[in-house]
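Computed from a predicted model, the values in this text were never measured in an experiment. Throughout, protein chains are lettered first and strands after them, A, B, ... in sequence-line order, and every chain is numbered starting at 1.
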Number of protein chains: 2
Amino acid sequence: MRELGYVYNRGAASLRTRRTTTVGVVVTDIANPFFGELLVGLESALAEAGFRSLVVASSDNPVRQDELVNELREYQVAGLAIMPATGSSRSFLEGLEASRMPHVFVTKYLEGMPAPYVGPDDRLGGRLAAQHLLAHGCQTYAFVGGFSGHLSRRDRIEGVRSALREAGLEPDRFTEIESASNGAGGLEAGKRLLQARQLPEAIICQSDGVAFGVYRALREAGRASEVRVIGYDDVRTAALWEPPLTSVATHPERLGRAVAELLLEEIATPSGGVTEKIFAPELMVRESCGCHGVPSSL
Amino acid sequence: MRELGYVYNRGAASLRTRRTTTVGVVVTDIANPFFGELLVGLESALAEAGFRSLVVASSDNPVRQDELVNELREYQVAGLAIMPATGSSRSFLEGLEASRMPHVFVTKYLEGMPAPYVGPDDRLGGRLAAQHLLAHGCQTYAFVGGFSGHLSRRDRIEGVRSALREAGLEPDRFTEIESASNGAGGLEAGKRLLQARQLPEAIICQSDGVAFGVYRALREAGRASEVRVIGYDDVRTAALWEPPLTSVATHPERLGRAVAELLLEEIATPSGGVTEKIFAPELMVRESCGCHGVPSSL
DNA sequence: CTGAAAGCGCTTACAG
DNA sequence: CTGAAAGCGCTTACAG
């Protein structure tokens, strides 16, 4: 027909119908492989419903996050998936609610503020890691990575603590080390750990990246074999690591799909409800925890 | 003022001005850490100019890529940054040109078809890796990862070959192994390598992910110390790897910024030209190549 | 059932 | 210099 250059203008259509098929996604860091995998699931589920995503990065800065959300609103996005920046204020959520913009929080929620949410059960994740290490007979523990403001970190630590308590371990057998949740943070935290009089027998990390960094620090000191390490997220490289990294799998791609589904529902029939989809993580036992001869697989 | 709920409608403005501040980005795989880092640079340079990006994934499928580009056009994007899917046809580029849509190809170009392009000098990357390994005295070489359709792979191999030739090595000292350009592909290729009568002395990989997979295969066979390995891209985990991975750094974030700059230029003043920005890669010498005692740093 | 008109929310060119 | 009107490209409700 007029396929000599005609292209349908969705913008015009959106203006008329007052609906768009674009969804805004605010992540803290696109380069984080965990988010990368999550976005894969999110985008493909969105695409199946004929939606696109506009993804922006807040650099974990609440002020920037505010600007980005406002800008996304100007784009008339149909909804918002947000991994809230650390320190997001109560008024941030209130603003979202007041605007009646469908939204779902991802992997991080706002303290004491009910909102639609998709994420892993971090308390359980922490417990799973600790219980396995307990079974290995470890007596001293460290949790490495993340900062005290991070809710996911707090929950994981709570899970670890509860498992240790149940096993009758004294609280002073457990230390927390803060650091950025990536390789660089882990490396630096590992160095700090090495300066202490004694290495913990077990280290549970906030992410696999942190575990990678911790290992590098340990290796340089020639002490990698003295500790058992468990990572978090089960990113693709975890299974290839030496030793193959035992990790708490959160299945980011599945989380991403769930986010899309919940958001799409919220867009189709705004409930104003606060549905939560919490997924149970799974401990991928490999060798860094001290287990041996586990067959390799991805 | 009327900040009681008013939000500016960019869609309406775009309709009127016939200009948008949205740019389409087509990648083959969002989860690939190389692309993740590239997107960081791309998005931040775009943001500085007041632009946003709509990123979509083609899964390296040319048909899907076509659909996505058409859809992006319907969104009236101001321009397109494309990492073309393997096997993208000549008519794909012709269609782009006919539509007068500003575009730039990223990290992969179309065989014999001049177009605006940003990417690393892959021939040089291959040479750099081979020359270093040659200096280590290696006599047999393998290039692992990617498929024969990939131009970047072909160029890197050409670079490797030219260096080996100059060093007087016979062509039969060099083999090519195809595999997916990620960890899973490297693992599988590594296993194939182990089945051959003899391991090459040096392995150059299409990506760091491939190198990680190769190492896992080698380790399981207890033969990791027999070969020297060099990765490609210098992804963040490369420096943390055991042994710290020597890698050809392509500085993806810098590439991303360059893409944004070129595209923004093309949007501001459509030249119809075919500017190319080729960046020289840099060999990050660490220990997997056989060097020792290189101080750790990210 | 078909076709012309109105209107979504902006910007820009034009009249007063 | 200010204010009202036209129009971007669609869709939808309405008149014929």
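Using a distance-only test at 3.5 Å, with no hydrogens or angles considered, a donor-acceptor pair links the side chain of A:D208 to the main chain of A:Y232.
Taking 4.5 Å as the limit, every side-chain heavy atom of A:L263 sits out of range of all side-chain heavy atoms of A:L46.
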Checklist line | side-chain hydrogen bond (donor to acceptor under 3.5 Å, both in side chains) assessment of A:H251 paired with A:E282 | finding: CA-CA 9 Å; A:H251 305 298; A:E282 187 187 350; 2.8 Å; yes
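Side-chain contact annotation: B:D233 with B:S207, donor-acceptor N/O pair under 3.5 Å absent.
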Check: In dot-bracket notation, what is the pairing pattern of DNA chain C, taking Watson-Crick (N1-N3 plus N6-O4 or O6-N4) and G-U wobble (N1-O2 and O6-N3) contacts under 3.5 Å, with [ ] crossing and | for other strands?
Finding: |||.||||||||.|||
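The pair A:D122-A:K108 does not count as a salt bridge, with every side-chain nitrogen at least 4.0 angstrom from each carboxylate oxygen. Ionic pairing of B:R153 and B:E158 is not present here: no N-O contact between side-chain nitrogen and carboxylate oxygen is shorter than 4.0 angstrom.
Ring pair A:Y109/A:Y117: centre-to-centre distance below 6.0 Å.
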Margin query: Generate the contact string for nucleotides 7-15 of chain D. Rules: B means base contact, S means sugar-phosphate contact only, - means no protein heavy atom under 4.0 Å.
Written below: BBBBBB---
